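Working notes, structure below.
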2 protein chains.
Amino acid sequence: MASFGFRGHDHTACVADRMAAVEAQCAEKKLQLTPIRRRVLELLLEHHKALGAYDILKALEAEGRPAQPPVAYRALDFLTTHGFAHKIERLNAFVACSDPGHGHAPTFLICRDCNTVAEEPGTLSREALAETANLAGFQIEKAVVEAEGVCPLCRDEP
Amino acid sequence: MASFGFRGHDHTACVADRMAAVEAQCAEKKLQLTPIRRRVLELLLEHHKALGAYDILKALEAEGRPAQPPVAYRALDFLTTHGFAHKIERLNAFVACSDPGHGHAPTFLICRDCNTVAEEPGTLSREALAETANLAGFQIEKAVVEAEGVCPLCRDEP
DNA sequence: TTGCCGGGTGTTACACTATATCAATTTTTG
DNA sequence: CAAAAATTGATATAGTGTAACACCCGGCAA
């Protein structure tokens with residue numbers, strides 16, 4: 001069984017819940033959750049770790065729906081633009097957002113062994129960041145924290 | 001005149017000072033600041049913004065010292081490994097470190113117009129981060145904040 | 001001296017990541 | 001329905017990064 005936030009959980013229900021939440025948001029905002037976009041999001045949720053665009057293409061091919069790179073990148077662009085997924089720059093890979101529709105300064109805990117990514121809210125003090133930015137006259141539009149290390153599962157079972 | 005931290009400064013002196021500091025550290029730690037490594041660091045300092053590996057290769061070629069990609073990546077690997085430069089994942093580019101030999105959780109303010117990068121210390125609360133990590137049983141090895149926005153120069157002169 | 005060994009460099013070739021472009025199709029909207 | 005907009009399909013190519021091997025040069029031990 002996969003892990004989420006490095007703790008065990010009912011993954012099947014987890015995926016279903018998140019899909020339902022995204023569907024609801026898409027309906028509300030009149031966004032088109034097309035079959036491809038939907039499937040890509042499901043893949044991210046199922047694997048529950050950072051997947052590269054080409055991992056997704058491989059998965060699509062494996063299930064008899066081969067596609068070219070732009071297909072994956074367009075779906076991922078849709079998902080990230082609307083906050084349903086995030087790009088982990090450090091890995092050139094993507095993860096499903098754990099809490100669509102909220103905050104804008106997530107912290108990612110990235111395991112360097114298994115590439116599992118836990119998304120935690122609010123490590124970054126909004127005040128501290130705003131203060132730093134103001135000091136420099138800089139206008140922040142978005143900010144992320146990427147922390148790399150070892151997750152508990154990989155630490156215990158090397 | 002270029003800007004540093006979005007404020008004007010004596011850039012020639014700035015470059016010289018930083019080079020001297022890095023030289024001192026290399027001498028102390030018995031690191032080989034070879035001509036190529038030295039030149040790459042100088043390029044980063046002179047431009048004072050994020051440069052891609054291929055930007056550096058172009059610059060080297062322009063000054064009559066053509067080189068292949070591994071040359072740039074090796075130099076950059078040396079510089080980043082020893083804390084003389086940082087990689088900005090968001091840009092697939094590199095900047096000289098503004099304060100070699102210190103802290104490990106820098107905040108980068110990245111201008112989306114001109115790619116200038118300001119490195120500010122300590123926006124990220126070590127305590128908050130440690131707390132978040134402990135909560136998840138995660139062992140952090142390094143963390144960075146990458147904030148994207150508009151620098152004062154680009155905001156005033158669009 | 002000789003020979004080894006390690007780090008650094010030069011070079012070729014290749015792998016991985018991402019986007020531009022245009023045509024074809026579907027969906028939305030007036 | 002017709003026009004406009006959004007999505008998809010497909011080809012080609014751009015941009016980023018590394019593997020692998022040969023070569024050179026310095027130190028150092030036999």
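Residue numbering restarts at 1 for every chain, and letters A, B, ... go by the order of the sequence lines. Here the structure is a predicted model, which means the values were calculated and not measured.
- Partners of Q139(A) by side chain to side chain contact (heavy atoms under 4.5 Å, CB included), not counting sequence neighbours, listed by chain and number: R155(B).
- Judged by atom type and distance alone, Y54(A) reaches the base of dA18(C) through a side-chain donor-acceptor pair under 3.5 Å.
- Between N92(A) and dT16(D) there is no side-chain N or O to OP1 or OP2 distance below 4.0 Å.
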Handout entry: Pair assignment for DNA chain C - dot-bracket with | for other-strand partners, Watson-Crick or G-U under 3.5 Å
Key = ||||.|||||||||||||||||||||||||
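- Heavy-atom distances to DNA chain D give each of P70(A) and F78(A) a nearest nucleotide, and the one nearer the 5′ end belongs to F78(A).
- Just one residue in the list E148(B), E120(B), E119(B) forms a side chain to side chain contact (heavy atoms under 4.5 Å, CB included) with L109(B), and that residue is E120(B).
- Here dT8(D) is the nucleotide among dA6(D), dT8(D), dA18(C) with the atom lying nearest to any side-chain atom of R74(A).
- For the pair E61(B) and R65(B), the salt-bridge criterion is not met [side-chain N within less than 4.0 Å of a carboxylate O].
- We find that CG of L51(B) is positioned 12 Å from P of dT16(D), with the value rounded to whole Å.
- Rounding to whole angstrom units, CD1 of residue I36(B) and P of dG8(C) are separated by 11 Å.
- Side chain of R18(A) to backbone of C97(A): a donor-acceptor contact under 3.5 angstrom is found.
- At a threshold of 4.0 angstrom between heavy atoms, the contacts of K87(B) are confined to the sugar-phosphate backbone, with no base atom among them.
- The nearest whole Å value for the distance from the CG atom in L33(B) to the P atom in dT9(C) is 10 Å.
- Among the nucleotides dA10(D), dG17(D), dG10(C), the one closest to the side chain of V71(B) is dG10(C).
- Listed here is the closest heavy atom pair of D77(A) and T81(A): O-OG1, 2.6 Å.
- Aromatic ring centroids of H86(A) and F94(A) lie 6.0 Å or more apart.
- Judged by distance alone, with hydrogens and angles left aside, the side-chain atoms of E146(B) form a donor-acceptor pair with the main-chain N or O of E89(B) at under 3.5 Å.
- Taking atom NZ on K30(B) and atom C1' on dG27(D), their separation rounds to 14 Å, with Å as the unit.
- Atom C1' of nucleotide dT16(D) and atom CG of D55(B) are separated by 11 Å, given to the nearest angstrom.
- The distance from atom CG of L60(B) to atom P of dT11(C) is 13 Å, rounded to the nearest whole Å.
- Spacing between atom CZ of R37(B) and atom C1' of dG7(C) amounts to 8 Å, rounded to whole angstrom units.
- Ranking dT8(D), dA18(C), dG17(D) by closeness to the F94(B) side chain, first place goes to dG17(D).
- Remark: C1' of dG8(C) and CD of Q68(B) are 16 Å apart, rounded to the nearest angstrom.
- Minimum atom distance to the side chain of Q32(A) is reached by dT28(C), of the listed dG17(D), dT9(C), dT28(C).
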